[in-house]
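Please read the structure below before turning to the comments.
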2 protein chains.
Amino acid sequence: MATLKVPACVPAPEQDSEQLRKAFSGWGTNEALIIEILAHRNAAQRKLIRESYAAAYGEDLLKDLDNELSSDFQRAVLLWTLDPAERDAHLANEATKRLTSNNLAIMEIACTRSSYDLFKVRQAYHAQYKKSLEEDVAYHTTGDIRKLLVPLVSAFRYEGDEVNMILAKSEAKILHEKICDKAYSDEELIRILTTRSKAQLNATLNHYNDQFGNAINKDLKADLNDEYLTFLRATIKCLTCPEKYYEKTLRLAIKKIGTDEKALTRVVVTQAEVNMQRIKEEYHKRNSVPLENAIAKDTSGDYEKMLIALIGHDDV
Amino acid sequence: MATLKVPACVPAPEQDSEQLRKAFSGWGTNEALIIEILAHRNAAQRKLIRESYAAAYGEDLLKDLDNELSSDFQRAVLLWTLDPAERDAHLANEATKRLTSNNLAIMEIACTRSSYDLFKVRQAYHAQYKKSLEEDVAYHTTGDIRKLLVPLVSAFRYEGDEVNMILAKSEAKILHEKICDKAYSDEELIRILTTRSKAQLNATLNHYNDQFGNAINKDLKADLNDEYLTFLRATIKCLTCPEKYYEKTLRLAIKKIGTDEKALTRVVVTQAEVNMQRIKEEYHKRNSVPLENAIAKDTSGDYEKMLIALIGHDDV
C-alpha cells in the first residue's frame, strides 16, 4: 500500500504548473509550495504537470527544479518528479558509475519491480542512455556479483501464482547441496534464483526451510564479511520479503553516522507510491519507533518535510 | 524484404473465414483453397481471419486446420497462421523439449528478431506456457551452451546506430585474447556478444578482422566437431549476417538425406514476411540454383505448394 496522499480534489495540471512557476519566481524559492504540490500528486498527475509546464513556459520542469533547489532536497524532489521507469533507469545508471557503484540499488530494481515494470525500465534506459541496462551492468561488474546481477536485470519472470511442488522440492534440494558445498555462485543456484517466478521461488524456499531446518538466508551466513554472500542474502530477501529488505535498508541508512541520504531518498521516492505503508509497519515493529519519527530526528529542513510528506503521518 | 505476396484487393476477413470453412467441409479438404487464402495474407490479416472465424463458427481456426491437415503441410500451415510472437514462443518451447532439443532454433529467435519483438515472444511465452522463456531455456540446457544461450534470450539490446570506436577496439582486443587462449566460453567474450548492440558488435568484429587479419569465425574454427564452438559460430553469424546464417540453414536442411523439413518449414514461415527475399538471393548466389527450384526438387504435394507460395517465384 502506498503512503502517497493525493487531495480529494486535484487542481488542473495547468494550475499546478502556474503555482510551481510562481514558487520559482522572485527572490528565493517557495519550497513549501513545491512540496505541497509535487509530494501530493501521483505519477500520472506529475507527468501531466511536466507536460503542461513545458507547453506553458517552454522549459523542462526538472531543469527548473534543478536550478532552484539544492542538495538532498533537490535530489529527492527531482527523483520523485520523474516517471517511475525513468527514475529507476536513472538510479540504475548512477549505480553503475565507478564512483557511486551500488549493486544493491540495481538489484532492488531488478527484484522488486513487476516483470513488466522492469521491462519499462529497460526501455527507459535505451531512451536515456543509448545503451542497454544489462550492457552497462555487465560492463561495470565482475566475478560472482556479475554472474548473479546480469540475469537479475535481464529477467522477465512469469508472474502467475501456479506452483510446481515437485520442482520446488527438487530445486530446494539443489540449493541445499550447493550451499553445503559452499558453492554459493554455482550456476544452478543462480539459475533458480534468477529465472523462477516469485511464487515458485517462495514454494522452493519454504520447502528448503521445512526440509533442512533453517531458512536459506541463515545457511548463507557462513561469512558475514563476504561481499558476494551479503549481496546474495539481500537478493533473496528482496525477492521474497521486499518490505523486510526495505526496512533493513532504511534502518542502516538512518543508523549510519551522518545518515545515508542517498539510500533514504531512494527507498522513500521509489516506494511512497507502491508499498511504503507495509515498510513503515515493518520499520515500527523492528525498531519500536515510527519511521516518520526516525526520519524527522535524522534529517532537517525542506528535505525532512519532503520525505515526511511522502511517507505520511500515521494518524494516532 | 518479404516474399509474402498479398493480393491488391484482399477479401474481408469474414469472406476468407467462410471460404476456409468451405475448404474444410464435405468429403476431403480443399488444400489449394487453404493455401490460396492463408499463404497470401499478412500477420495482421491472418489475425483478423482467426478472430472472425471464431466469431462466426465458435471454433478455433487453428484447431480446425489441425484436424483437417496432416504431416509437414499441417505443420507449415499451423505455424504460418500463428501470430509471429506466438509462433516464436511455440518454436522455442518445442526446442527446449528433450526429444526435439534444438538450441539453434532458440538462438535464431534470440538473435534475429528485433529487441522489442523478442520481448513480445517472452510475453507470448508467459501467456502460453505459464513460465518464462529464459526459465525453460536455462532448465533444459547446461554448460557452455547455457552460459551463452540464456543471456541471448534475455537480452533487450539497444538498437540505435551509435558506435563507440574506442570500445570497439578494446573489446576486439579482449575477444582476440580470449580466442588465442582458447577461452571460448569466457565470461567477457559472452558479455560482449550477448549485451552489445548489433551496430556496436559489427564495429567490434570489423575491427577484429582489420587488426588481427582474420574474421572472428575463422579463428573460431579450431575444432569443427566441438558442439559449443559450432553453436558460437552460428550465433555470431546470426547476429551479424542473418541472411547468410539462414542460407546455410536452408542449404543443410535441403542437402540432408531425407530433407530436414522441420528446419525448412521454420525458416520459411518465420522469414517469408521478414527477410526471405535477401535469403533467396544469398541461396541462389551460394548454390547456383534458385531456392524455389531446390525446394520443389526436395518436397512434394501440398507441402511443396505451401512453401513455394510463401517464398514466391522470382519473375524471370
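Residue numbers start from 1 in every chain, and the chains themselves are labelled A, B, ... in the order their sequence lines are given, proteins ahead of strands.
With hydrogens and angles disregarded, no donor-acceptor distance shorter than 3.5 Å links the side chain of A:R278 to the backbone of A:E243. Checking side-chain atoms of A:S132 against main-chain N and O of B:Y158 turns up no donor-acceptor pair under 3.5 Å.
The stretch residues 196-206 of chain A participates, sequence neighbours left out, in these side chain to side chain donor-acceptor pair (under 3.5 Å) pairs: A:E171-A:R196, A:R196-B:E135.
With a threshold of 4.5 angstrom between heavy atoms, B:L167 approaches chain A through side-chain atoms but not through N, CA, C or O. Of the atoms belonging to B:K130, heavy atoms from both backbone and side chain fall under 4.5 Å from chain A. For chain B, the nearby part of A:R191 is the side chain; its heavy atoms alone come within less than 4.5 Å. Contacts of B:E187 with chain A are made by both backbone and side-chain atoms, with heavy-atom separations under 4.5 Å. Both the backbone and the side chain of A:E134 come within contact range of chain B, with heavy atoms under 4.5 Å apart.
Taking CG of A:L79 as the start and CZ of A:R87 as the end, the distance is 7.0 Å to the nearest 0.5 Å.
The ring pair (Phe, Tyr, Trp, His ring centres under 6.0 Å) test applied to B:Y125 returns B:Y129, not counting sequence neighbours.
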